[in-house]
Amino acid sequence: MSVPLLLEPRTRDTTDALAARLSARIARLLRRSLHIRHLDAGSCNGCDWEIQTLLGPVYDIQRLGIDIVASPRHADMLLVTGSVTRNLERAARATYEAMPQPGLVVAVGACACGGGVLHGSYCTAGGVNNVLPVDVYIPGCPPRPHALLHGLLVALDRLDPRIAAANVTVDVPQP
Amino acid sequence: MSHAIDGHHDGELERRMSNETRFAVAPDTLPNACLAVVEHLNARLALMVGEDERASSGMFRLSYTFAVAQGQWLTLETLIDPAEPAFPSVTPLVPAAHWYEREVQDMFGLTAVGHPDPRRLVHHDDWPDGLHPLRKDFDPSLPVPRVDRPAETFHTLHGEGFVEIPVGPIHAGVIEPGHFRFAAVGEAVFDLQPRLFYTHRGIEKLAEGKTPAQVLQLAERVCGACSCSHGVSYSQAVETLAGIEVPPRAAAVRTLYLELERLYNHLGDLGNICAGVSFAAGASFGAQLKEAVQRLNERVAGNRFLHGVNQIGGVRRDPSASDLHDIAATTTHIATEFRSFIEMMLSSDTVLERLKTTGFLPAATARALGAVGVAARASGVDVDSRRDHPHAGYPALPMPTPVVVRSEGDVYARVLVRSDEILATLAMIRAVLDTLPDGPAAVSPGRVPGGRAAFAVSESPRGENIHFVRTAPDGTIERYRVRSASYPNWPAVAACVPGNMVPDFPVINKSFELCYACLDR
Amino acid sequence: MLNIFRRAIRTGVVTTGYPDTPEPAPPAYRGQVHLHLAACTGDAACARVCPSAAISVEHSPVGGWTWTLDDRRCVFCGLCSEACPTGALSLSNEYELAARKPEDLLTRVTFRAGGTAR
């Protein structure tokens, strides 16, 4: 089966917009069948247990066409937990490089999304996006299995994100 | 007691906790003093803490703490002159000290002279020489360069037929990172060298200068799967040094949460052991039961891993009458389901075939390494901190803590210990629900006093978790040391794998069910 | 073997219908932090207790303040809601927080001084 990578006419695009279009394309291509490699980049084990739970009888992600595979070489997505510790940074990069492109990176949990309680430590990168390009963030400490399912389906464009940047202005009396 | 270390000690020190005796010893008499404590008092090395006190006393302090008798601790302390940053290693006489001393070498730059295996432990090969994160003059905000140093991590075996199998740090399953180097002859493992501390997050350094309440959030996240136990150990340490006692209801609720944590972990572990021997039906039923308890946790405590149930001075999540009813109903249902699950698992010959005699840990090895928890109890070592060092609401329960000890020492014994402990846990949960006192669920800790130290223990599903806390004069955290149950138990895994088949390693590893995160911190 | 099948049949289907069937988190669940605008006084108790520096409060030299929450860092501990003297913060049971861009996880509320209404 051959799938043209870019269906729309290429226009002069900024790199960011091109990247965004490309990841939308990946999502469309992988929508019904996604192979994930889990990458523990220094988590507390909480997020990892919840990912493991997705494979069990109650959440059963295979019913959604999603499965976890043994090698990054078979994967379309890295599901990364932990804030990327110094001792795992090289392994994390090597895992990313072993994944065929185009591929997605999803940051799971507060440590992976933004460093969580570990911000300021001498031996963590303070979040996956400081090491790898992140496509989707799933906040939580840890995210409950439903939140993981929601995030995975958002990454695949099968569900829409429910939150967006909020900028609210409120008038208060002069003190 | 003084007889045991007669001639070695320089004098008894002032008590910092009512159940701890402290002696100061000179560095050169330290190894023999430790040996005397172990031999004469039948003691187990439970904790070793290094501290940088150059700003106050001008010295480094090393404290070796032993569990001596029911509820009693004995600590030998020595001061090391920074002009000569070295101390005689205790490890040749007391093997359980091996990792503690290697860690002190990495984190404080104090050389353990005569250590039989002085390689790095926490730092990996590319960490620069001469940089020690737990020294007070280490600035955590500066980037640490990666340097090209000769690799010292592994010894290699040579010989005809030897195959070296490197595994990890990123594994094929959804598990934590660690590197294992097997030397195998055919299928049989001859030697196993683990390389751990990949998930070292610098939690102990991060805690320095934070308030006791902020550090509780770190303590709960040392390990996702024994979060409640870490929270209880840490809170108790701060409560001890502040001299406050939690209300009876808070103590009982802590016991309730600790037992719920044990329940979901043990159920999940049994399911995972089924998965480790490819018994899919057992793995599924185990996962279902674990999920039922985690959903209960979420309904009662707001988090599936019981994050946020503790506070200094008591509990933050006092279960309501309907929560208690929910716990009673859910655990009753689980009791019925669990009996049929374990009967199914243990009536399958193919499962038993894989479990029996696999991963044998001799009692003498378990003792020498200071192993704790399920791993120790399945090898005939009678330790359980719920009974030995009473904490939370355990002393107030109408029943003594049932300690399950077996002598076989194999994966099967660790399965049976967990299975019996699940039954005991269900009985203890019922006992807490029947006797739960009314009253407040927390007291205000007030201002935590500065310049004091204490440690406290709780029994997690993996064994004894010890947290040591010293406060600075302003009441913030000066030194924080976490010794999780996985710390003394990991070397036991490496010791019991040789002699087994390579494909048995996953199930042996799962039968110990150690945590990389709470080892590495 | 027969027992295993019997048990499997007795258990039936345990798999969740999510996401086709919505499954709200239980009331006790600690999800996204919500700010009640009318109650916020800008005293920054929340920012001081936050263990992951997910909340910040910045005061403007001309009066007023900006309250910012970064859901990427939030660990949903609830310390902010306990610390707030006016009860302006609560933890909802909203858990579907996945986002594609980091800025989608930022909530910024500007309290502008000089107005009359709240």
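Letters go in sequence order (proteins before strands), and every chain restarts at 1.
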Task: C:Q32 versus C:D71, side-chain donor and acceptor atoms under 3.5 Å - done: yes
Open item on the list: Please classify the contact of C:L91 with chain B as side chain, backbone, both or neither, using a heavy-atom distance under 4.5 Å.
Closed with: neither
Open item on the list: I need the minimum non-hydrogen distance between C:F76 and C:G31, along with the two atoms involved.
Closed with: CD2-O, 3.3 Å
Name each donor-acceptor pair under 3.5 Å that joins a side chain in residues 276-291 of chain B to protein atoms two or more places apart or in another chain, with its distance.
residue	atom	partner	partner atom	Å
B:E291	OE1	B:R304	NH2	3.0
B:E291	OE2	A:Y59	OH	2.5
B:E291	OE2	B:R295	NE	2.8
B:E291	OE2	B:R304	NH1	3.1

Open item on the list: Going by the rule side-chain hydrogen bond (donor to acceptor under 3.5 Å, both in side chains), which residues pair with B:S233 if we only count those two or more places apart in sequence or in a different chain?
Closed with: B:S458
Open item on the list: I need the residue from C:A25, C:P26, C:P51 with the largest number of non-hydrogen atom pairs under 4.5 Å to chain B.
Closed with: C:P26
TODO: Please identify each residue that fulfils ring pair (Phe, Tyr, Trp, His ring centres under 6.0 Å) with B:Y234, with sequence neighbours left out.
DONE: B:Y480
Open item on the list: Using a 4.5 Å heavy-atom cutoff, which residues in residues 312-348 of chain B come close to chain C?
Closed with: B:R316, B:R317, B:E337, B:S340, B:F341, B:M344
TODO: Report the relative orientation of the aromatic rings in C:Y29 and C:Y95; use parallel for angles under 30°, tilted for 30 to 60°, perpendicular for over 60°.
DONE: perpendicular
Task: Student check: side-chain heavy atoms of C:C80 and C:V33 closer than 4.5 Å - done: yes
- [ ] Name the region of B:Q217, side chain, backbone, both or neither, that has any atom closer than 4.5 Å to a heavy atom of chain C.
- [x] side chain
